[in-house]
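Working notes for the structure below.
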Amino acid sequence: FGMRRKSHCRTYIRFLKKNRFHGVISRDYADELLVGTEGAYLIRESQRQPGTCTLALRFGHQTLNYRLFYDGKHFVGEKRFESVHDLVTDALITLYIETKAAEYIAKMTTNPIYEHLGYTSLLKDKMVHRLSRGRTEPRRVTFQRDEKISSPLVRRSALKDMPEKQCSYEKIHNFKVHTFRGPHWCEYCANFMWGLIAQGVRCSDCGLNVHKQCSKLVPSDCQPDLRRIKKVFSCDLTTLVKAHNATRPMVVDMCIREIELRGMKSEGLYRVSGFSEHIEDVRLAFDRDGEKADISASAYADINIIAGALKLYFRDLPIPVITFDLYSKFIQAAKLPNAESRLEAIHEGLLQLPPAHYETLRYLMAHLKRVTMFEKYNLMNAENLGIVFGPTLMQPPEQNALTTLNDMRQQKLVVQLIIEHEDVLF
């Protein structure tokens with residue numbers, strides 16, 4: 001591995017001269033210097049590519065050569081080390097295990113303990129309880145004209161004879177490379193995790209520890225631990241609801257409940273902004289106190305503060321309610337010229353949302369539909385709410401201002417149509 005900048009490499013070479021650096025020598029000469037001593041190593045400057053460094057390491061009665069990188073730490077692969085000595089020590093451990101136990105390593109994931117007595121069995125009761133809490137099944141709907149009624153678009157719903165979307169709040173694990181202190185065993189295959197550093201990966205949401213290769217086989221059954229969830233705002237929606245064993249984020253339930261209690265006739269509801277400092281206070285209250293946060297009239301008399309906090313929650317989600325993956329599907333649906341086809345396409349998109357996202361959007365749209373029933377007082381119809389919530393609920397995968405600007409009309413129309421037809425679309 002070589003340096004990206006030659007001057008950087010020269011500095012590295014000067015540093016290495018104190019650390020077993022042998023200058024420009026050939027592979028054959030490096031082999032002569034190391035022969036007969038297992039585990040011996042040296043660093044040389046490559047003859048073929050001057051200005052790059054190579055680590056020569058003796059293992060298994062042969063000399064192995066690796067290009068050496070440095071970015072503040074030494075590395076030849078993914079792992080980064082404070083010293084070349086640590087890098088070599090870790091490499092020798094890995095080479096030894098992978099050479100002597102290659103057949104065992106290849107088989108160690110074939111009969112994992114995970115399915116039998118590990119993490120999944122502990123979660124089974126919790127999962128059954130959570131899924132029985134009354135989540136409404138998504139309905140697959142057909143939109144068609146009714147010649148007996150003069151309306152240009154009449155909605156009739158009929159359940160199709162096809163499998164319904166299953167009700168399950170699945171969540172993939174959020175694995176990140178982790179260095180374990182002391183001996184550690186994989187919670188998927190029950191085998192030792194070897195190496196000096198970065199021996200495996202840990203789920204930052206639930207704490208599951210597994211080999212990197214085992215992480216590809218672990219099912220999407222992460223049950224986030226509340227102790228690991230540091231905040232409510234800016235937290236992945238599915239992670240938050242699973243951590244709290246809830247159907248929807250408590251922010252959504254609490255804010256909507258407060259708004260419907262005392263704000264439905266407020267002129268410009270959701271369009272008029274509350275004071276940003278007070279909205280920030282509400283965010284901090286939720287992050288600090290969770291469902292015990294006080295958002296009552298005695299704490300925040302202006303209902304626009306609560307409405308602003310709800311919009312901020314949706315805006316700050318790392319994955320929008322209408323997910324990045326489905327963004328283009330909804331935008332294309334809004335561009336269809338035929339009204340019935342447009343609703344059909346939006347409905348198909350809704351059915352593809354992750355369950356927690358679907359439930360949250362369903363609840364929000366039902367609320368916004370009720371807001372429109374007070375239009376006489378609040379002056380907020382479905383179109384106005386679409387303007388407010390379009391860019392809040394759906395954002396393009398690439399954060400491009402021009403794309404967002406070009407799509408604003410479709411974003412508004414998608415939300416407007418979902419509000420107007422929420423009784424059939426969900």
Side-chain angles (χ1 to χ4, degrees), residues 134-146 149 151-169 237-238 241 247-249 252-253 256 260 270 310 314 317 319-375 380-395 407-426:
R135 179 183 183 272
T136 305
E137 282 291 320
R139 295 185 298 158
R140 193 172 287 277
V141 175
T142 302
F143 297 90
Q144 57 190 35
R145 291 183 185 274
D146 190 332
I149 303 178
S151 171
L153 175 64
V154 177
R155 298 158 295 152
R156 293 191 316 191
S157 62
L159 295 176
K160 291 183 178 179
D161 295 328
M162 59 177 63
E164 294 291 347
K165 186 176 180 182
Q166 293 300 308
C167 169
S168 60
Y169 277 39
L237 198 156
T238 302
V241 297
T247 306
R248 295 173 300 275
V252 177
D253 281 358
I256 287 178
E260 295 198 350
Y270 288 116
L310 181 61
F314 287 126
L317 285 172
I319 300 175
V321 176
I322 293 178
T323 60
F324 293 128
D325 291 344
L326 294 172
Y327 178 84
S328 61
K329 184 178 183 69
F330 279 91
I331 293 296
Q332 293 307 313
K335 292 179 179 180
L336 294 174
N338 179 270
E340 283 83 1
S341 298
R342 199 158 53 220
L343 284 179
E344 284 279 7
I346 290 174
H347 182 65
E348 288 298 320
L350 291 174
L351 292 175
Q352 294 176 44
L353 286 172
H357 288 243
Y358 178 94
E359 266 304 312
T360 301
L361 187 62
R362 181 189 68 80
Y363 190 75
L364 175 65
M365 292 298 109
H367 161 67
L368 295 181
K369 183 66 171 288
R370 291 190 291 272
V371 170
T372 65
M373 295 176 183
F374 291 84
E375 182 187 354
M380 296 299 289
N381 56 26
E383 182 178 7
N384 292 338
L385 291 168
I387 293 171
V388 172
F389 279 95
T392 300
L393 297 176
M394 53 191 304
Q395 301 161 24
D407 292 347
M408 282 185 70
R409 182 177 177 278
Q410 285 75 37
Q411 291 174 344
K412 182 268 293 184
L413 184 57
V414 167
V415 176
Q416 176 184 340
L417 290 173
I418 297 176
I419 294 172
E420 291 175 343
H421 305 284
E422 64 83 24
D423 56 325
V424 176
L425 286 170
F426 292 99

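Worth knowing before you read on, the calculation uses all heavy atoms, side chains too, and leaves out hydrogens, waters and symmetry mates. As the structure is a prediction and not an experimental result, all values here were calculated from the model.
- Between E422 and R362, no side-chain nitrogen of the basic residue sits less than 4.0 Å from a carboxylate oxygen of the acidic one, so the salt-bridge criterion is not met.
- Two residues are said to be in side-chain contact when any heavy atoms from C-beta on lie closer than 4.5 Å; V321 and L364 fail this criterion.
- Side-chain polar atoms of E420 and Q416 form a donor-acceptor pair below 3.5 angstrom.
- The neighbour count for R370 CZ, taken as heavy atoms of other residues, nucleotides or ligands under 6.0 Å away, is above 12.
- Distance check, rounded to the nearest 0.5 Å: CZ of F374 to CD of E260 gives 8.5 Å.
- Using a 4.5 Å cut-off on side-chain heavy atoms (C-beta onward), E383 and I419 make no contact.
- Checked by atom type and distance alone, the side chain of H347 pairs as donor or acceptor with a backbone atom of L425 at under 3.5 Å.
- Test T360, L237, L361 against V252 for side chain to side chain contact (heavy atoms under 4.5 Å, CB included) and you get one pass: T360.
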Determine, stepwise, if the pair N384 / Y270 fulfils side chain to side chain contact (heavy atoms under 4.5 Å, CB included). CA-CA 9 Å; N384 292 338; Y270 288 116; over 6 Å; no
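- Using a 4.5 Å heavy-atom threshold, the side chains of V415 and L385 count as separate.
- Heavy-atom minimum distance, V241 versus A356: CG2-CB, 3.7 Å.
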Kindly indicate, with the supporting measurements, whether the criterion side chain to side chain contact (heavy atoms under 4.5 Å, CB included) is fulfilled by V414 and I418. CA-CA 6 Å; V414 167; I418 297 176; 3.8 Å; yes
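- Taking the side chain as every heavy atom from C-beta outward, Q411 and T392 never approach each other to under 4.5 Å.
- To the nearest 0.5 Å, atoms CZ (F389) and CG (L368) are separated by 5.0 Å.
- Side-chain contact between T323 and P354 is present, with heavy atoms from C-beta onward closer than 4.5 Å.
- Closest of all the heavy-atom pairs between S341 and N338 is N-OD1, 2.8 Å.
- For the pair Q352 and K329, the minimum side-chain heavy-atom distance is below 4.5 Å.
- Of all heavy-atom pairs between A345 and A333, the closest is CB-CB, 3.4 Å.
- Of the possible polar contacts, one joining the R342 side chain to the L336 backbone as a donor-acceptor pair under 3.5 Å is found.
- Looking at H357, its side chain does come within 3.5 Å of a backbone N or O of P320 through a donor-acceptor pair.
- Put simply, CD on E348 and CD on E344 are 6.5 Å apart, with the number rounded to the nearest 0.5 Å.
- How far NZ of K335 is from CZ of R409: 10.0 Å, rounded to the nearest 0.5 Å.
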Show your working on side chain to side chain contact (heavy atoms under 4.5 Å, CB included) between T247 and Y363 and close with a plain yes or no. CA-CA 10 Å; T247 306; Y363 190 75; over 6 Å; no
Test side chain to side chain contact (heavy atoms under 4.5 Å, CB included) on Q332 and Y327 and set out the steps. CA-CA 9 Å; Q332 293 307 313; Y327 178 84; over 6 Å; no
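- E359 CD to F426 CZ: the interatomic distance, rounded to the nearest 0.5 Å, is 9.0 Å.
- No donor-acceptor distance shorter than 3.5 angstrom exists from the side chain of D407 to the backbone of Q410, with no hydrogens or angles considered.
- Using a 4.5 Å cut-off on side-chain heavy atoms (C-beta onward), L350 and F330 make contact.
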